[in-house]
Amino acid sequence: MKTQVAIIGAGPSGLLLGQLLAKQGIDNVIVERVSGEYVLGRIRAGVLEQGMVDLLREAGVSERMDREGEVHTGVELAFNDKRVRIALDELTGGDTVMVYGQTEVTRDLMDARKEAGLTTVYEASNVQLHDVKTDAPYVTFEKDGEQVRLECDYIAGCDGFHGVSRQTIPDEVKTEHERVYPFGWLGLLSDTKPCHEELIYCKTDRGFALASMRSPTRSRYYIQVPLTDKVEDWSDDAFWTELKRRLPADVAATMETGPSIEKSIAPLRSFVCEPMQYGNMFLVGDAAHIVPPTGAKGLNLAASDVATLYKIMTRVYKDGDKDCVMQYSEICLRRVWHGERFSWWMTNMMHDFGEVEVNGTDSQTFSRFMESELNFYTDNEQGRRVIAMQYVGLPYEDIK
Ligand SMILES: Cc1cc2nc3c(=O)[nH]c(=O)nc-3n(C[C@H](O)[C@H](O)[C@H](O)COP(=O)(O)OP(=O)(O)OC[C@H]3O[C@@H](n4cnc5c(N)ncnc54)[C@H](O)[C@@H]3O)c2cc1C
């Protein structure tokens, strides 16, 4: 097999990149470890920044999102019996976010790919990347018991945190920065009316909670839990009872509850791999970086990496400017670190770290610092603007 860009992984990064490249006439093949149904079964992100919304429109896959997605002009922070609304549009000069599930984005991209007749190899095993430092890299994998070799000009490693692409960068070339948080998020998805029209991030003495949604009839809720908890420890009833204790009382009082359709625990991690490229192989999305979900940045950072690589590949194939690939890592990392910092900051401010020492500070002192931080940034318009401009997403950087 031969293509111009071999894409490893059919998550949102791989599928969106493939769609954008195909629109520019750049041939690509996606190689994915699991089945398409398995990919669609993962319940993950749901808040799309303006930049990602625009990119999905550019990719020609926005029809359903524009019809069914919900534009949100604000989010709320609840703490110490206060509720502070961050008016995203007013504070940023008109920017908003779109609530539309990652599953739906993925489904739209898969449908578009199928319709365009583009090749995706699902259930490929033993995927390996070769000669990525040369002008003739290739990928090998097994499919239905056969060994396949895919030759290409470039490889996009869109294979998530546990993928193979990052492992092809030698240890002496890469630096991995990591922080693992001492708690996780227990998430519950249910076909119930959302308890509020906007997301509410809640800091309480019992721990963090988030009231979120996927549609007017589907809710997504999260509560902070110890890392030692297992999903089986939490019945639906126990979840709803604990959630109500953490939400503002008036919201909890009228909240609709119902059976879960999905329940899972996600550990929280900040992670960045530098550089994000090695020769003609580029890391995209979760393959290069992970954020705790507190700032709703994971999927959105993946989209900005895709935007950068798409612009670079277009320049390479349209103008023959091969040197421009050298900009990829630097451009991506500037935005990635902003997203990492914002997610880390929101996580520190909104969670209960219990008795754990944080950043060399005892837990009680750290907690008082964070309380002050939260009050400082929410009590005045400039502070709320700082939150709003990061929540809607910083602008994408152009290539030189
Ligand atoms: C439980 C959970 C909850 C989350 N919640 C949020 C949220 O609320 N908000 C938010 O913004 N973000 C959230 N995220 C993050 C967001 O989902 C990710 O940032 C996003 O999925 C990144 O997309 P990706 O395509 O880069 O990686 P992925 O979605 O991980 O896709 C990678 C793909 O590569 C495939 N793959 C892996 N290894 C190989 C291999 N060896 N060969 C071939 N294919 C391979 C995988 O099967 C997968 O399909 C969450 C993540 C998790 C895990």
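As the structure lists them, so they are numbered: ligands from 1, and atoms in each ligand from 1. Since the structure is predicted, the reported quantities are computational estimates derived from the model, not experimental observations. All residue numbers refer to positions in the sequence shown, counting from 1.
Looking only at distances, no side-chain donor or acceptor of Thr92 sits under 3.5 Å from a matching main-chain atom of Ala388. Counting only distance, with no hydrogens or angles, the side chain of Arg315 and the backbone of Lys400 share a donor-acceptor pair below 3.5 Å. Side-chain atoms of Asp305 come within 3.5 Å of backbone atoms of Gly285 as a donor-acceptor pair (strictly under, hydrogens ignored). Not one N or O on the side chain of Asp159 forms a donor-acceptor pair closer than 3.5 Å with the backbone of Ile8.
On a distance-only criterion, Ser13 and ligand 1 share at least one N/O pair closer than 3.5 Å. For the pair Val127 and ligand 1, the shortest N or O to N or O distance does not fall below 3.5 Å. At a 3.5 angstrom cut-off on N or O pairs, Gly298 counts as close to ligand 1. Any N or O atom pair closer than 3.5 Å counts here, and Arg42 shares at least one such pair with ligand 1.
No more than 12 heavy-atom neighbours from other residues, nucleotides or ligands sit within 6.0 angstrom of NZ on Lys193. Around the CZ atom of Phe161, the shell of radius 6.0 Å holds more than 12 heavy atoms that belong to other residues, nucleotides or ligands.
Residue contacts with ligand 1, taken as heavy atom pairs separated by less than 4.0 Å, involve Asp286 via backbone and side-chain atoms alike. Contacts between Lys297 and ligand 1, counted as non-hydrogen atom pairs separated by less than 4.0 Å, involve the backbone only. No part of Val47 comes within 4.0 Å of ligand 1, judged by heavy-atom distances.
Protein heavy atom at the shortest distance from atom 13 (C) of ligand 1 is Ala45 CB, 3.6 Å. For atom 53 (C) of ligand 1, the closest non-hydrogen atom of the protein is Arg44 NE, 3.3 Å. Shortest contact from atom 38 (N) of ligand 1 to any protein heavy atom: Arg33 NE, 3.3 Å. Here the heavy atom of the protein found nearest to atom 47 (O) of ligand 1 is Glu32 OE2, 2.6 Å. The protein non-hydrogen atom at the shortest distance from atom 37 (C) of ligand 1 is Asp159 O, 3.1 Å. For atom 17 (O) of ligand 1, the closest non-hydrogen atom on the protein side is Gln102 OE1, 2.7 Å. When only non-hydrogen protein atoms are considered, atom 23 (O) of ligand 1 lies nearest to Pro12 CG, 3.6 Å. When only non-hydrogen protein atoms are considered, atom 1 (C) of ligand 1 lies nearest to Ala266 CB, 3.7 Å.
Donor-acceptor pairing under 3.5 Å is lacking for the side chains of Thr96 and Asp89. Defined by atom type and a distance below 3.5 Å, a donor-acceptor pair is missing between the side-chain atoms of Arg335 and Asn300. His196 and Glu76 share a side-chain donor-acceptor pair at under 3.5 Å.
Counting atoms of ligand 1 from 1 in the listed order, those under 4.0 Å from a heavy atom of Cys158 are 32 (C), 33 (C), 34 (O). Close contacts between ligand 1 and Gly163 involve ligand atoms 38 (N) [criterion: under 4.0 Å to a heavy atom]. Of all atoms in ligand 1, listed by their number and element, those nearer than 4.0 Å to a heavy atom of Gly285 are 26 (O). Against a heavy-atom cut-off of under 4.0 Å, Gly11 is close to the following atoms of ligand 1: 25 (O), 31 (O), 33 (C), 49 (O). Short contacts between ligand 1 and Gly160, defined as distances under 4.0 Å to a heavy atom of the residue, involve ligand atoms 27 (O), 30 (O), 32 (C). In the vicinity of Ala296, heavy-atom distances shorter than 4.0 Å reach the ligand 1 atoms 11 (O). In summary, the atoms of ligand 1 found under 4.0 Å from a heavy atom of Val34, numbered by their order in the structure, are 47 (O). Which parts of ligand 1 touch Val31 is read off a 4.0 Å heavy-atom cut-off, strictly below it: atoms 43 (C), 44 (N).
Going from atom CD of Glu123 over to atom CD of Glu32 covers 9.5 Å, rounded to the nearest 0.5 Å. Note that CH2 of Trp337 and OG of Ser270 are 8.5 Å apart. Values are rounded to the nearest 0.5 Å.
Taking the six-membered ring for Trp and the full ring otherwise, Tyr181 and His351 have centroids separated by 6.0 Å or more.
Proximity of Ile8 to ligand 1 is established by a heavy-atom distance of less than 4.0 Å.
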Quiz item: Between Gln390 and His338, does a side chain to side chain donor-acceptor pair (under 3.5 Å) hold up when you go through it step by step?
Solution: CA-CA 8 Å; Gln390 297 180 88; His338 284 309; 5.9 Å; no
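Geometrically, Lys297 engages Tyr391 in a cation-pi contact defined by less than 6.0 Å to the ring centre and at most 45° from the axis.
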